[in-house]
Amino acid sequence: MPEPQEQPPPDGGRDRGSALEKVAYVTAPATVVLGLLYYFGRTYTDAYYAYFGIPANDLQLSMHTYVAKSPTAVFFPFWLLLVCGLVVLLVLGAVGRALAVPGREAVRHKVVLSLLAVGMLLVLAGFPAFFLESRIPRLPQGWVREFLPCLIVALGATLAFFAVQMHLGRPRRDDRDRGP
């Protein structure tokens with residue numbers, strides 16, 4: 001009597017991954033977020049109590065306390081980035097719609113090249129500012145000096161990304177020749 005042959009799985013023989021791999025997709029990002037919240041909360045708490053001359057380690061705060069204090073430290077930078085990003089994306093969306101009109105291919109090409117050049121210049125100029133921020137004497141002390149390099153890099157990356165999107169979204173010559 002011949003032995004029955006094994007049938008391949010219904011998904012074509014592909015391994016869909018073990019349960020541990022599926023759990024890792026959820027826990028890995030959550031661990032990173034929790035670690036960042038702990039870091040920001042710890043940094044904020046240490047700076048806050050150091051201002052009063054109290055070592056934060058003497059208070060024996062728990063990890064939960066540090067994570068609970070992190071929104072105070074994180075809110076303003078995230079709010080600033082979100083508002084600035086929204087304004088930039090709305091302006092760039094309006095520019096993209098204005099340049100999508102047929103007959104403006106030459107202007108569109110110049111704008112794409114200009115946005116890409118300015119974006120790359122801002123990114124390349126913004127990264128050294130992270131390391132030289134103490135050597136930028138013209139900026140006032142405080143949040144302007146802390147967040148300006150981040151905003152310069154974010155703006156440059158946004159402009160370069162938008163230029164690439166405009167370039168990839170342009171109508172091709174064969175699409176224009178065919179008609180509706």
Side-chain angles (χ1 to χ4, degrees), residues 8-40 43 70-71 73-136 138-139 143-180:
D11 61 354
R14 292 178 291 166
D15 184 22
R16 293 190 184 243
S18 66
L20 186 60
E21 289 175 350
K22 292 176 183 176
V23 169
Y25 284 121
V26 175
T27 58
T31 304
V32 170
V33 169
L34 186 64
L36 285 173
L37 288 175
Y38 174 78
Y39 170 76
F40 285 121
T43 304
S70 64
V74 177
F75 176 74
F76 183 70
F78 284 158
W79 178 82
L80 188 66
L81 283 174
L82 286 174
V83 168
C84 291
L86 178 64
V87 168
V88 167
L89 288 177
L90 288 174
V91 168
L92 291 177
V95 168
R97 281 191 304 277
L99 293 176
V101 176
R104 293 192 176 172
E105 287 83 13
V107 175
R108 182 184 178 96
H109 182 69
K110 288 180 185 177
V111 168
V112 166
L113 288 178
S114 300
L115 286 175
L116 185 61
V118 169
M120 293 305 293
L121 182 67
L122 286 175
V123 168
L124 293 175
F127 277 121
F130 283 125
F131 304 110
L132 303 174
E133 72 181 49
S134 62
R135 302 188 205 284
I136 304 175
R138 299 202 186 268
L139 293 177
W143 68 271
V144 173
R145 186 178 283 191
E146 291 178 27
F147 295 122
L148 193 61
C150 299
L151 291 175
I152 289 173
V153 171
L155 179 64
T158 303
L159 290 176
F161 179 74
F162 184 72
V164 169
Q165 288 292 356
M166 281 183 64
H167 177 71
L168 294 175
R170 75 182 190 283
R172 294 184 301 252
R173 291 178 197 257
D174 57 342
D175 289 344
R176 284 181 276 165
D177 294 339
R178 274 192 244 151

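Small disclaimer: the values here were computed from a predicted structure and weren't measured.
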Revision key, fill the gap. Note: L37 and S70 closest approach over all heavy atoms is O-CB, 3.0 Å
Practice item. Run through L82, L90, V83 and flag the one making a side chain to side chain contact (heavy atoms under 4.5 Å, CB included) with L86. Key: L90
Exercise for review: Specify the closest pair of heavy atoms between M166 and R108, including all atoms of both residues, with the distance to one decimal.
Suggested key: O-NH2, 2.8 Å
Point to revise | For L116, side-chain contact (heavy atoms from CB on, under 4.5 Å) partners two or more places apart | key: M120, A160, A163, V164
Exercise for review: Measure the spacing between NE2 of H109 and CG of L99 and express it to the nearest 0.5 Å.
Suggested key: 13.0 Å
Exercise for review: With sequence neighbours excluded, tell me which residues meet side-chain hydrogen bond (donor to acceptor under 3.5 Å, both in side chains) with Y38.
Suggested key: R42
Point to revise | Test side-chain contact (heavy atoms from CB on, under 4.5 Å) applied to L159 - qualifying residues, sequence neighbours left out | key: L92, L115, V118, L122, L155
Check your understanding: To the nearest 0.5 Å, what is the distance between CD1 (I152) and CG (L121)?
Key -> 10.5 Å
